[in-house]
Amino acid sequence: MTDIKELLLSRIRDVADYPEPGVMFKDITPLLADPGAFTALTDELARIAERHAATKIVGLEARGFILGAPVAVRAGLGFIPVRKAGKLPGATLRQAYDLEYGSAEIEVHAEDLSAGDRVLVVDDVLATGGTAEAALQLIRRAGAEVAGVAVLMELGFLGGRARLEPALAGAPLEALLTV
């Protein structure tokens with residue numbers, strides 16, 4: 001695992017003062033542009049899905065789509081997008097959650113998840129954990145089981161893991177990198 005961590009870290013670019021002064025943004029676009037690194041990432045996340053017997057992958061808008069869709073293909077699983085409210089046609093389940101300043105809502109198509117599903121949530125970054133927590137609530141409201149959460153990178157200093165632990169209810173949270 002050390003080799004893959006080194007590979008992934010070497011392809012993540014720090015961008016100072018983005019999107020605002022004082023923030024060090026972790027840009028994954030160089031990783032996505034490198035086919036070897038992107039394949040290694042996809043393979044590792046697919047192994048996590050297989051290890052936790054997932055039957056579906058949920059990707060969180062928007063970079064979770066970029067990572068989650070190829071993971072689903074590699075693992076032979078279905079892919080379900082969780083989108084910002086108002087972006088999906090048809091019947092949806094909606095979940096509100098709190099942000100640092102304000103609130104937001106996410107949605108999933110109600111018919112895409114069912115009682116027999118074990119769902120792995122895939123995203124690029126675990127920051128404060130609010131979006132992932134809301135996604136876990138949506139998955140359970142749809143009647144499915146949470147197989148876990150897998151992220152490329154956890155920003156440990158933001159405390160997302162502590163916030164997410166109660167919502168995980170024992171399901172695993174795996175971060176390939178912690179910064």
Side-chain angles (χ1 to χ4, degrees), residues 1-13 26-84 87-88 93 95 106-109 111-127 129-140 142-156 160-161 164 167-179:
M1 184 72 160
T2 302
D3 289 342
I4 189 170
K5 286 183 179 185
E6 290 174 8
L7 173 63
L8 297 175
L9 278 170
S10 75
R11 301 304 189 275
I12 296 171
R13 174 177 44 209
K26 299 293 186 181
D27 180 14
I28 69 167
T29 58
L31 188 157
L32 299 174
D34 180 321
F38 194 15
T39 298
L41 171 60
T42 300
D43 289 347
E44 191 61 33
L45 292 171
R47 280 191 281 279
I48 292 170
E50 291 164 1
R51 190 167 57 247
H52 298 298
T55 62
K56 298 246 174 96
I57 300 293
V58 155
L60 303 181
E61 189 166 338
R63 288 182 297 269
F65 298 172
I66 296 168
L67 302 184
V71 168
V73 170
R74 175 77 80 221
L77 305 175
F79 175 77
I80 313 297
V82 168
R83 303 225 41 205
K84 294 174 184 168
K87 300 288 186 179
L88 292 171
L93 293 174
Q95 183 68 46
I106 56 173
E107 294 179 326
V108 67
H109 275 134
E111 72 273 8
D112 289 345
L113 296 171
S114 62
D117 290 323
R118 284 185 47 81
V119 181
L120 180 70
V121 175
V122 172
D123 205 4
D124 66 327
V125 173
L126 175 65
T131 307
E133 179 183 39
L136 298 179
Q137 293 168 342
L138 271 179
I139 290 163
R140 290 191 178 107
E145 182 181 348
V146 173
V149 174
V151 297
L152 164 59
M153 187 174 11
E154 178 179 353
L155 305 180
R161 182 176 291 267
L164 204 51
L168 284 164
L173 166 57
E174 296 198 37
L176 300 182
L177 304 171
T178 302
V179 295

Quiz item: Do Asp123 and Leu67 have side chains that get closer than 4.5 Å, going by heavy atoms?
Solution: no
Exercise. Output yes when a side-chain donor or acceptor of Arg83 lies under 3.5 Å from a complementary backbone atom of Glu107, and no otherwise.
Key: no
Self-check item: Rounded distance (nearest 0.5 Å) linking atom NZ of Lys5 with atom CD of Glu44
Solution: 9.5 Å
Exercise. For Leu176 and Met153, run side-chain contact (heavy atoms from CB on, under 4.5 Å): C-alpha distance rounded to whole Å, both residues' side-chain angles, the deciding distance at 0.1 Å, then the answer.
Key: CA-CA 6 Å; Leu176 300 182; Met153 187 174 11; over 6 Å; no
Quiz item: Is there a side-chain contact between Val146 and Val119 (heavy atoms, below 4.5 Å)?
Solution: no
Self-check item: Minimum heavy-atom distance between Ala53 and Arg118, given as atom pair plus value
Solution: O-NE, 3.2 Å
Exercise. Mark yes or no for whether Thr42, through its side chain, and Pro70, through its backbone, hold a donor-acceptor pair below 3.5 Å.
Key: no
Quiz item: Taking the side chain from Lys56 and the backbone from Ser114, do they hold a donor-acceptor pair closer than 3.5 Å?
Solution: no
Practice problem: Output yes when a side-chain donor or acceptor of Ser10 lies under 3.5 Å from a complementary backbone atom of Leu7, and no otherwise. | Solution: yes
Quiz item: Do Leu177 and Leu152 come within less than 4.5 Å of each other through their side chains, counting heavy atoms only?
Solution: yes
Self-check item: Gap separating the CD1 atom of Ile139 from the CG atom of Leu93, nearest 0.5 angstrom
Solution: 11.0 Å
Quiz item: Do Lys26 and Val179 come within less than 4.5 Å of each other through their side chains, counting heavy atoms only?
Solution: yes
Quiz item: Do the side chain of Gln95 and the main chain of Ile106 share a donor and acceptor less than 3.5 angstrom apart?
Solution: no
Practice problem: Take Arg47 and Glu50 through the salt bridge (Lys or Arg N to Asp or Glu O under 4.0 Å) test and state the conclusion after the steps. | Solution: CA-CA 5 Å; Arg47 280 191 281 279; Glu50 291 164 1; over 6 Å; no
Quiz item: Are Leu136 and Leu164 side-chain neighbours, meaning at least one heavy-atom pair lies under 4.5 Å?
Solution: yes
Practice problem: Identify the heavy atoms of Val108 and Pro81 that sit nearest to each other, and give their distance. | Solution: CG2-O, 4.0 Å
Exercise. Calculate, to the nearest 0.5 Å, the distance between atoms CD and CG belonging to Glu61 and Leu88 respectively.
Key: 8.0 Å
Practice problem: To the nearest 0.5 Å, tell me how far Leu45 CG sits from Ile57 CD1. | Solution: 8.5 Å
Quiz item: Does Ile12 reach the side chain of Asp27, with side-chain heavy atoms less than 4.5 Å apart?
Solution: no
Self-check item: Heavy-atom side-chain contact between Ile80 and His109 under 4.5 Å
Solution: no
Exercise. Check whether any side-chain heavy atom of Val151 lies under 4.5 Å from a side-chain heavy atom of Val122, and answer yes or no.
Key: no
Quiz item: Which pair of heavy atoms, one from Ala72 and one from Phe79, lies closest together, and at what distance?
Solution: CB-CB, 3.8 Å
Practice problem: Answer yes when Glu174 and Arg51 have at least one side-chain N-carboxylate O distance shorter than 4.0 Å, and no when they do not. | Solution: yes
Quiz item: Of the non-hydrogen atoms in Ala75 and Ala49, which two are nearest, and what is the gap between them?
Solution: CB-CB, 4.5 Å
Quiz item: Backbone N or O of Ala167 within a donor-acceptor pair of the Arg140 side chain at under 3.5 Å?
Solution: yes
Quiz item: Is Arg74 salt-bridged to Asp43, cutoff N-O under 4.0 Å?
Solution: yes
Exercise. Starting at CD of Glu133, measure out to CG of Leu126 and round the result to the nearest 0.5 Å.
Key: 11.0 Å
Quiz item: Which is it for Ile66 and Asp124 under the side-chain contact (heavy atoms from CB on, under 4.5 Å) test, yes or no, and what are the steps along the way?
Solution: CA-CA 9 Å; Ile66 296 168; Asp124 66 327; over 6 Å; no
